[in-house]
Asker: 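The following block contains the structure, expressed as C-alpha cells.
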There are 2 protein chains.
Amino acid sequence: MKIDPNSPADLSAQIASAIRDGIVAGLLIVDERLPSEAELAEQFQVSRPTVREALKRLAAQSLIRTQRGATGGAFVNRLSFEDAYSQQVTTSTLLLSMNAVSFDTACEARYALERACAPLSAARRSADQLATMRAEIFRQGQPGLTDEAFCASDVAFHRALVDGAHNPVLSYQLAGAVEAMQPLMNMITFTARDRQSILALHSQIADAIESCDGAAAVAGLSALEEETRKLAADVFARRAAKR
Amino acid sequence: MKIDPNSPADLSAQIASAIRDGIVAGLLIVDERLPSEAELAEQFQVSRPTVREALKRLAAQSLIRTQRGATGGAFVNRLSFEDAYSQQVTTSTLLLSMNAVSFDTACEARYALERACAPLSAARRSADQLATMRAEIFRQGQPGLTDEAFCASDVAFHRALVDGAHNPVLSYQLAGAVEAMQPLMNMITFTARDRQSILALHSQIADAIESCDGAAAVAGLSALEEETRKLAADVFARRAAKR
DNA sequence: GACTTTTAAATGTCTGACAAATGATTTTTC
DNA sequence: GAAAAATCATTTGTCAGACATTTAAAAGTC
C-alpha cells in the first residue's frame, strides 16, 4: 500500500483510499487490527494528525472502529446491516432533497421496489411483521394524530411489509427508498378523508399479506401508489393556485 | 449547534454529527460555506485538529467539499447521484462480503428488484440503453472472454436495463444490488454451455424490452434468476464434493 | 486599461506534548 | 498460594503553535 506525495489529492484522502482498498479487496479482514497511528505515520511517511484524519474518514463510513488503551487501536469493522441502513437512509434522504427529485419520481421508485417485495413477503411474513402492520394501521386510525406521526407510522407499516420478505439484503436496499420518502410525504397535509382511504388500502394490503396472496398485495400497493400520487398532485396544485 | 464535552464520544464525532444534522435539517444549504476551521474551533471550544477530523468525516460522506486559498473553506456539497452510486456500491459490496450473505439471498434480492424495473424499462427505454444491451450481449458471445470480463459485461447489461427505466432514484437504489453481486458471481466458473444459455436469456430480455413487453422481460428475468441459482448451486455442490 | 506583483486568508501538514483509557504486569496483602 | 491493589506501558484523544501551499483579491506598474 503506497501513496503518492506529489498527487494533488490530500494525503489523508489517499491514505484512507489505500486502506479502504485493502479492506474491500480482502487484504484486511474483519476484526484485524491496523498498525498503530504512529506506525502508520512511519509507514506512509506522514505525521500522525494526517494518519488520524485518514482514519476518521474510514470511521465515518463504519469501515473501522477505534479503541483506546493498551490493546487498543483501529480495527476493521464488520459492517452491520444496521450501520448500512442508517448510512443508506441519510444518503438517500439528502440525495432526494438536494437534487430536486420530483415527488412522482421518488414515489414511482419506492412503490416499484415495494411491489418487488410483496410476493416474497406474502409467502414468508411471520406473525411478528403482521402484528406490526396491524398495530400501525390501528395507530393511523387514532384521531388527533399529527401529520408527522401519521407519516412515521406509514413508514413503519411499509418497513414491516418489506421485512416480511425475510431477506436482509432486500430490507437494506429498501430502507433508503422508503425512509427517504418521508420528508416528501411530510409536505402533504392529510385530511381525515385522505387518511381513511389510505387506511383502507393498508388494511387491504395487510389482508393480502396475511392470506399469502402476493398478487393482491401488489395490486393494493399499486392502488396506494395511485392514491398517494393523486394526493400529492392535489396538494401541489392547490399550492400553485394560491400564488 | 452545541456539543457535550463530557460525552464519552469523540469530540470530532460529535462535531461531525452536529454539522451533519444541520445539513440534513436544511439549516445549512447547498454551496453554503461553513465557518473557517479556526472559527469552528472557537465556536465549539476545541482545537483546530479536532475540527479538521470532524470535517474529514463529513468529507468522507461527500457531505462537504473543501477548497484551499483565499476564498476557500468547507462548503456544503450537493450530493450527486454519481457520488451516491459509488458509496452505495462500496457499502453493499462490503455488506455482502462481511456478513456471510448466501448467494441465494443476494440473488433473490437482486432479481426481485430488477423485475421491479423491467416494466418501466420496457415502457421507456431509449435507443441508447437498447444499444448498450445488444453490445454487451455481443461481447458476452465472444470466445476467449475471461470469467471476470463476462461478469463485468453482465453487470453492464443489467445496469443498462435498469437505467432504461429513466428513474434516477431507481438506478441509484439498484446500483448496489447489481454491482455488489459481482464478487459473488466471480466465484462461479462459466462453461461455454452456461454462457450460451445466459446469452439466450439476455437476448430474450432485450427483445422483450425492445418490443415494450414488460411482462416478457419479467419472465426472462425470472428464468435468468433460476438459471443463475442453478449454476451457483452446481458450483457449490461440486466444491463441497471435492473435499 | 491590461498586466504583474503583493498580500491576506484559508486549508494542508508537521512537531511535540499531555491527557485519558485500558489491558498487562508487578507488588502487596491476607 | 491466591486475591487484591498498585504500577506500568501502550494507544488513542486532544491541544498549541508553527510553517507550507494555494488561491483570489488588492495594489502597484507600465
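Each chain gets a letter, A, B and so on, in the order the sequences are listed, and its residues count up from 1. Side-chain atoms are counted along with the backbone in the values below, which use heavy atoms only and exclude waters and symmetry mates.
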Asker: Quick one: CZ on Arg159(B) to CD on Glu114(B), what's the gap to the nearest 0.5 Å?
Answerer: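 The CZ atom of Arg159(B) sits 11.0 Å away from the CD atom of Glu114(B).
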
Asker: I need the CD-C1' distance between Glu42(B) and dA16(D), as an integer number of Å.
Answerer: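 Computing the Glu42(B):CD to dA16(D):C1' distance gives 14 Å.
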
Asker: For atom CZ of Phe236(A), is the number of surrounding heavy atoms from other residues, nucleotides or ligands below 6.0 Å larger than 12?
Answerer: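 It does: Phe236(A) CZ has more than 12 such atoms within range.
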
Asker: A quick test of your reading: do over 12 heavy atoms of other residues, nucleotides or ligands sit less than 6.0 Å from CD of Glu32(B)?
Answerer: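 Counting neighbours around CD of Glu32(B), more than 12 heavy atoms of other residues, nucleotides or ligands fall under 6.0 Å, so yes.
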
Asker: Encode nucleotides 9-19 of chain C as B, S and - characters from 5' to 3', where the letter depends on protein heavy atoms closer than 4.0 Å: B to the base, S only to sugar-phosphate, - to neither.
Answerer: BSBBBBB-B--

Asker: If the condition is salt bridge (charged side-chain N to carboxylate O under 4.0 Å, His left out), which residues does Arg20(B) pass it with, not counting sequence neighbours?
Answerer: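 Counting only residues at least two positions away or on another chain, Arg20(B) forms no salt bridge (charged side-chain N to carboxylate O under 4.0 Å, His left out).
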
Asker: Hey, does Met181(B) have a side-chain heavy atom less than 4.5 Å from the side chain of His158(B)?
Answerer: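 No. Closest side-chain heavy atoms not under 4.5 Å.
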
